[in-house]
Participant: 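Got a structure for you, questions after.
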Amino acid sequence: MYTYTFDVYECAKECFCPPSYPFAMYCDHRKLKTIPDVPGHVRHLYVQFNEIEAITTKPFTNATSLRDINLSHNKLQSSLVERGAFTKLQQLIYLHLEHNNLEEVPTSLPKTLQRLHLGFNKISKLTGDTIRELSSITVLDLCSNRLTDAGIRGRALSGMKNLLQINMCSNKLRSMPPDLPASLLQLSVENNSISSIPEGYFRKTPNILSIRVTRNKLKAVPYNVFNLSRLMDLNLGHNQLSKTFFVPQSLEHLYLNHNDYKELNVSLMCPSVDGDHPKMLTYIRIDNNKLRGSVDYHAYACFPRMRMIFYGEQQRADEDEPSK
């Protein structure tokens, strides 16, 4: 005769823990004012879409197994986040704090953290002491905050040695973020007020794959600034660019739509053709510029893998010129 035993796992009364996977605790969409106490076996905590304003150490006293916390879409305030609230969570990997009222990055986050989502808050600065210690972070999302150039100081980002992706879209930046780590693969700074990219800016990030600087105030970029050996995706749409630049061999997708180009100088984009190492560009978007006439046929010789040049509609020549 066999005797079967079943483990009975504790679950906060305000939440639901699926019998088939009791390691997840669902407390979302319940109008909660506080975070429920988390049992020691729980690995995934979902508390999004509530009315929580504060984070204290108490709910996490026994939560030594937590790997994933979602506290997005609440009413969190920095002044009500207890210092060291996350300190004991030494297995925490993912932390979602987006869509709250945070004015700064919480302090004393565990060094195990790999993904930190802080979008849609009120963060205006990054302090080096808070960010630099998060050396395991691979993805940092800071979109839709209030970051300024002055708010990113003290080599705040340089210590994030494993950072692969940083999103800083929809902030108040006027310059490209400084001191990016060499590990970076994806940079997103869309919808800011950036007016220039310094010569050699990407020299410290040689492995970058994707750059998005859409909806800024760029009027020109240094000719060789994007001459990077692994760059595959470059989005410069919705700026004020009018001069072409060197296109690297690795680039596959190029977005130049909604700029001020009157001509696309293919000879500058591709000064030489190397049959043994052809350029990889397959798609270019150039609609809503001030182009007249077709694209130089040399483009297809220079970019033999080209599948589409999206020409689309162009601006009228006098659209942005003052009337006489």
Side-chain angles (χ1 to χ4, degrees), residues 1-102 104-121 130-142 160-165 167:
M1 179 179 293
Y2 295 95
T3 301
Y4 296 95
T5 59
F6 298 92
D7 292 326
V8 177
Y9 291 99
E10 182 184 357
C11 185
K13 63 181 180 180
E14 305 95 327
C15 310
F16 171 68
C17 301
S20 59
Y21 191 74
F23 304 106
M25 192 163 86
Y26 293 89
C27 316
D28 54 295
H29 294 86
R30 294 167 192 257
K31 298 183 179 180
L32 298 178
K33 302 286 187 181
T34 60
I35 302 173
D37 290 346
V38 183
H41 68 278
V42 171
R43 300 173 188 172
H44 314 282
L45 176 63
Y46 303 106
V47 207
Q48 66 271 28
F49 290 99
N50 281 293
E51 300 174 6
I52 299 169
E53 296 183 355
I55 303 176
T56 64
T57 57
K58 179 181 176 298
F60 304 122
T61 301
N62 299 313
T64 54
S65 300
L66 268 179
R67 300 178 184 177
D68 180 9
I69 299 176
N70 192 334
L71 271 163
S72 64
H73 295 274
N74 275 282
K75 299 179 180 180
L76 297 176
Q77 300 180 39
S78 291
S79 60
L80 299 178
V81 177
E82 186 177 336
R83 185 176 182 84
F86 299 102
T87 303
K88 293 184 178 180
L89 308 181
Q90 293 303 311
Q91 294 193 51
L92 192 64
I93 298 175
Y94 308 123
L95 180 58
H96 292 262
L97 297 172
E98 62 267 36
H99 290 277
N100 279 287
N101 298 316
L102 297 173
E104 57 187 34
V105 180
T107 59
S108 303
L109 294 173
K111 294 181 180 180
T112 54
L113 208 58
Q114 294 180 14
R115 289 175 176 257
L116 178 57
H117 297 268
L118 290 163
F120 295 91
N121 277 284
T130 301
I131 292 292
R132 196 181 300 117
E133 295 180 356
L134 301 177
S135 57
S136 297
I137 290 281
T138 59
V139 176
L140 178 60
D141 182 11
L142 289 160
M160 306 181 80
K161 303 299 185 183
N162 290 295
L163 188 65
L164 302 178
Q165 177 181 344
N167 304 325

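Because only heavy atoms are used, hydrogens play no part in the values below, and waters and symmetry mates are left out as well, while side chains stay in. It should be emphasised that the depicted structure is a prediction, and the values quoted were computed from it without experimental measurement.
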Participant: If you measure from OG1 on Thr130 to CG on Leu109, what distance do you get to the nearest 0.5 Å?
Facilitator: 8.0 Å
Participant: Just verifying a value: how many Å separate Phe16 CZ and Asp28 CG, rounded to the nearest 0.5 Å?
Facilitator: 11.0 Å
Participant: So, do Val38 and Met25 sit near enough that their side-chain heavy atoms are less than 4.5 Å apart?
Facilitator: yes
Participant: My understanding is that only residues two or more places apart in sequence, or in another chain, count here; which of them pass salt bridge (charged side-chain N to carboxylate O under 4.0 Å, His left out) with Lys58?
Facilitator: Asp37
Participant: Going from NZ on Lys161 to OG on Ser136, what distance comes out if it is rounded to the nearest 0.5 angstrom?
Facilitator: 13.0 Å
Participant: Which residue pairs pass the salt bridge (charged side-chain N to carboxylate O under 4.0 Å, His left out) test when at least one of the two sits in residues 106-121, sequence neighbours left out?
Facilitator: none
Participant: I'd like to check the side-chain contact (heavy atoms from CB on, under 4.5 Å) partners of Thr34; sequence neighbours left out, ordered by chain and number.
Facilitator: none
Participant: Please tabulate, one pair per line, all N/O donor-acceptor pairs under 3.5 Å involving side-chain atoms of residues 90-100, not counting sequence neighbours.
Facilitator:
unit_1 : atom_1 : unit_2 : atom_2 : d
Gln90  : NE2    : Thr87  : O      : 2.4
Gln91  : NE2    : Thr64  : O      : 3.3
His96  : ND1    : Glu98  : OE2    : 3.2
Asn100 : OD1    : Asn74  : N      : 3.2
Asn100 : OD1    : Lys75  : N      : 3.2
Asn100 : OD1    : Leu76  : N      : 3.0
Asn100 : ND2    : Leu71  : O      : 3.1
Asn100 : ND2    : Leu97  : O      : 3.0
Asn100 : ND2    : Glu98  : O      : 3.2

Participant: Mind checking side chain to side chain donor-acceptor pair (under 3.5 Å) for Thr61 and listing every partner two or more places apart, or none if nothing turns up?
Facilitator: none
Participant: The criterion is side-chain contact (heavy atoms from CB on, under 4.5 Å); which residues satisfy it with Ser78, sequence neighbours excluded?
Facilitator: Leu102, Glu103, Glu104
Participant: Roughly how far, to the nearest 0.5 Å, is CD1 of Ile55 from CZ of Phe86?
Facilitator: 4.0 Å
Participant: What distance separates His41 NE2 from Arg43 CZ, expressed to the nearest 0.5 Å?
Facilitator: 9.5 Å
Participant: Could you tell me whether the side chain of Ile137 reaches within less than 4.5 Å of the side chain of Leu113, counting heavy atoms only?
Facilitator: yes
Participant: I'd like to know if the side chain of Asn62 reaches the main chain of Pro39, judged simply by a donor and an acceptor atom lying under 3.5 Å from each other, with no hydrogens or angles considered.
Facilitator: no
Participant: Among residues two or more places apart or on two chains, list those pairs meeting disulfide bond (SG atoms under 2.5 Å apart) that have a residue in residues 16-81.
Facilitator: Cys11-Cys17, Cys15-Cys27
Participant: Go through the structure and list residues passing side chain to side chain donor-acceptor pair (under 3.5 Å) with His44, not counting sequence neighbours.
Facilitator: Tyr21
Participant: Restricting to non-hydrogen atoms, name the atom on Asn121 and the atom on Asn101 that form the minimum distance, rounded to 0.1 Å.
Facilitator: OD1-N, 3.3 Å
Participant: If you take all heavy atoms of Glu53 and Leu80, which pair is closest and at what distance?
Facilitator: O-CB, 3.6 Å
Participant: For Pro22 and Ser20, which heavy atoms make the closest approach, and how far apart are they?
Facilitator: CD-C, 3.9 Å
Participant: Give a yes or no answer on whether the side chain of Asn167 reaches the backbone of Leu142 with a donor-acceptor pair at less than 3.5 Å.
Facilitator: no
Participant: Name all residues meeting the ring-ring contact (aromatic ring centres under 6.0 Å, His included) criterion together with Tyr26; count only those two or more places apart in sequence or in a different chain, and write none if there are none.
Facilitator: Tyr46
Participant: Can you tell me how far CG of Asn162 sits from CG of Leu134, rounded to the nearest 0.5 angstrom?
Facilitator: 11.5 Å
Participant: On a heavy-atom basis, which atom in Ala12 and which in Pro36 lie closest, and how many Å separate them?
Facilitator: CB-CB, 3.8 Å
Participant: What are the two closest heavy atoms between Arg30 and Asn50, and how far apart are they?
Facilitator: N-OD1, 3.0 Å
Participant: Would you mind listing every disulfide bond (SG atoms under 2.5 Å apart) that reaches into residues 33-97, with sequence neighbours excluded?
Facilitator: none
Participant: In the structure I gave you, are the side-chain heavy atoms of Arg67 and Phe23 within less than 4.5 Å of one another anywhere?
Facilitator: no
Participant: Excluding sequence neighbours, so at least two apart, what forms salt bridge (charged side-chain N to carboxylate O under 4.0 Å, His left out) with Glu51?
Facilitator: Lys33
Participant: Among all residues two or more places apart in sequence or in another chain, which pass the side chain to side chain donor-acceptor pair (under 3.5 Å) test with Asn70?
Facilitator: Ser72
Participant: Any non-hydrogen side-chain atom of Ile69 less than 4.5 Å from a side-chain atom of Leu89?
Facilitator: yes
Participant: Set out, in order, the CA-CA distance, both residues' side-chain angles and the distance that settles side-chain contact (heavy atoms from CB on, under 4.5 Å) for Lys88 and Thr57, then state yes or no.
Facilitator: CA-CA 9 Å; Lys88 293 184 178 180; Thr57 57; over 6 Å; no
